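Just so you know, residue 1 is the first one in the sequence shown, and it goes up from there. On a predicted model such as this, the values are computed, not experimentally measured, just so you know. Both ligands and their constituent atoms are indexed starting at 1 by order of listing.
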Amino acid sequence: MERENFGSKIGAILAAAGSAVGLGNVWRFPIETGQNGGAAFIIVYVICILVLGLPIMISEFLIGRYTHANTAGAYRILSEGSPWKWVGRLGVFTGWFILCYYSVVGAWTMHYTLLSAINAFYDAPASQYENIFNSFVANPWMPTLWLFFFIAIIHFVITRGVKSGIEKSAKVMMPTLFVITAVLTVCSICLPGASKGVEFLLKPDWSKVDSTVILQAMGQAFFSLSLGMGCLCTYASYFDKKTPLAKSAVNVSIIDTVIAIMAGFIIFPSVFNIGMNPNEVGVGASLTFISLPNVFQQAFGDGTLLAVVFSTLFYFLLFVAALTSAISLHEVATAYVTEEFKMSRKKGASLVTLTILVLGTLCSLSFGPLSGIQLFDRNIFSLFDDFSGMVLLPLGGMLISIFAGWVLDRQLYRDEISNGGDLKTPYFKLLIFSLRYIAPLAIGLVFLDQLGVFNFMK
Ligand code: PHE
């Protein structure tokens, strides 16, 4: 069967950017920045992208485009029977594994979009928001229903194929996401007292930057750019031979970082506007689903049209961001099943969807009926979340950089990033240097650090 490609360069970049821009940009980056030195943190973060992120992203692109195969197939083709083929399989597994819990949060964003739109937060006292969230996620039906809905949308897009599914949806959703982000940023920055929020986010404070913060920036850059597994490699397998790899990687990184910074401009002006302590807003789910709905109601006028519109757009933005990332995760597994087991796309996608439905439901129920099932002090959802973030992604990233730096043929690498000599690559030596020495070492450190936190032996 003929393998599909993306139809245009812009479509390819939007799809890859769609994978990168996700929940991580909103629910982790802004608060990490604010608490860890503002602009100083952003500079450290950008250095992490330049030194580690770009070399690895370019390599993942290269591996995908060169082989024109799913991630497991790609590494197998390039490593000819050596154990390195397992790196590709690990990438597929990681994508599939992340999707199981990531979809659960995607489902929550749908519920919160609806709650915002029907003005359900009107008149709720601040203390009520925690109850609203906790009773929602503990409910055995509602979150599961939304989960099925969320996964059904992913399934629909994936079964339509690369061009008319993934690319077309990215071409609609990514511009939508940019526009909403811009509108929300402007609204938020116009709030009285907004400048304090901007200051919190940007004022450089180098005294806060220590080794822990640097490791945190590295981990965040990794997750946010969708590195260390099969997403970018799979998408790049649909790149045209003329797609400039390095330039595309730079574009994707810029889009991802700009959206992450703008998310901070959406969040903190409102937080300061209502006089809340930014160190008490929390991170992740508690920030997004407990603090922020309350913050937005108060900042824009409880129950007013402005509050309803702002809040609805914010959760819709999160939904779109989560959806494009989830689609990229699903495609990793679908491409793998379809190509390695010679199935039709429909069948392959259905198989993946089915497994995600089952495991996703378990993750979702782990806040309610299954909350008693705990391992290492974590419920099922957190096990999926932490195991992928702390173990699978750093491990994958380390192995990919070693593979690209030490195993891949140097000439092949040079030919591919220069598109057969058409493009100049003055950065080539630096890139290889990072892949060989800096990236594996740095990611190894993140890995060890996180394992310490994870504490399996407890
Ligand atoms: N990059 C996405 C985010 O920022 C998450 C993600 C990780 C998506 C890995 C795909 C692969 O939320």
Side-chain angles (χ1 to χ4, degrees), residues 13-33 45 48-49 52-53 56-57 60-61 64 71 90-109 150 154 157-158 166 170 173-174 177 181 216-236 249 252-264 283-285 287-288 317-336 352 356 384-397 400 443:
I13 289 183
L14 287 179
S19 173
V21 176
L23 296 164
N25 297 57
V26 182
W27 83 1
R28 185 146 261 139
F29 180 86
I31 188 73
E32 279 188 345
T33 305
Y45 181 80
C48 290
I49 290 186
L52 307 170
I56 295 178
M57 193 187 293
E60 292 193 27
F61 277 170
T71 303
L90 178 71
V92 175
F93 176 76
T94 305
W96 173 80
F97 197 76
I98 292 179
L99 184 57
C100 296
Y101 80 88
Y102 200 85
S103 308
V104 173
V105 186
W108 295 348
T109 65
F150 187 76
I154 306 174
V157 173
I158 291 290
I166 299 172
M173 289 199 279
M174 292 312 285
L177 187 142
T181 307
Q216 211 174 332
M218 260 193 280
Q220 172 63 19
F222 237 75
F223 184 79
S224 193
L225 293 176
S226 305
L227 297 174
M229 31 84 66
C231 271
L232 298 180
C233 178
T234 304
Y235 271 7
V252 171
S253 307
I254 292 177
I255 295 175
D256 188 62
T257 308
V258 168
I259 298 279
I261 294 174
M262 285 172 84
V283 57
L287 167 77
T288 313
L317 167 77
L318 269 181
F319 161 67
V320 174
L323 183 60
T324 50
S325 296
I327 289 171
S328 76
L329 290 163
H330 197 297
E331 179 60 20
V332 178
T334 300
Y336 166 72
V352 175
I356 299 295
F384 272 70
D385 182 357
D386 289 345
F387 186 63
S388 46
M390 294 176 175
V391 180
L392 295 175
L393 285 180
L395 185 64
I400 291 170
I443 305 167

Does the N or O separation between Ser328 and ligand 1 drop below 3.5 Å for any pair? no
Note: heavy atom closest to atom 3 (C) of ligand 1, options Ser388, Ala20, Gly228, Gly396, belongs to Ala20
If you scan protein heavy atoms around atom 7 (C) of ligand 1, the nearest is Phe223 O, 3.5 Å
Exercise for review: Kindly say whether Gly18 contributes a backbone atom to a donor-acceptor pair with the side chain of Thr324 at under 3.5 angstrom?
Suggested key: yes
The answer for which part of Leu393 has a heavy atom under 4.0 Å from ligand 1 is neither
**Prompt:** Would Phe61 and Tyr235 count as a close aromatic pair, with their ring centres under 6.0 Å?
**Reply:** no
side-chain contact (heavy atoms from CB on, under 4.5 Å) for Leu232 and Ile56? Distances and angles first, verdict last. CA-CA 10 Å; Leu232 298 180; Ile56 295 178; over 6 Å; no
Near Leu329 (heavy-atom distance under 4.0 Å), the atoms of ligand 1 are 10 (C), 11 (C)
Check: of Cys231, Ser226, Gly91, min heavy-atom distance to atom 9 (C) of ligand 1 comes from Ser226
Between Leu177 and the options Leu318, Leu14, Val320, the side chain to side chain contact (heavy atoms under 4.5 Å, CB included) test singles out Val320
Taken to the nearest 0.5 Å, the spacing of Leu225 CG from Cys231 SG works out to 12.0 Å
Check this for me - ligand 1, Ile98, N or O atoms closer than 3.5 angstrom, yes or no? no
Per-atom filter on ligand 1: closer than 4.0 angstrom to a heavy atom of Ser224 are 1 (N), 4 (O)
Would you say the side-chain atoms of Thr71 pair up with the backbone N or O of Gly230, donor to acceptor, closer than 3.5 Å? yes
Note: Ile356 and Ser103 closest approach over all heavy atoms is CG2-OG, 4.2 Å
Counting from 1 in the order shown, the ligand 1 atoms closer than 4.0 Å to a non-hydrogen atom of Gly24 are 3 (C), 4 (O), 12 (O)
Leu23 N/O under 3.5 Å from ligand 1 N/O: yes
Any heavy atom of Tyr102 under 4.0 Å from ligand 1? The part involved is side chain
(Q) Can you confirm if the aromatic rings of Phe384 and Tyr102 lie within a centre distance of less than 6.0 Å? (A) no
Note: ligand 1 atoms sitting under 4.0 Å from heavy atoms of Ser19 are 1 (N), 2 (C), 8 (C), 10 (C)
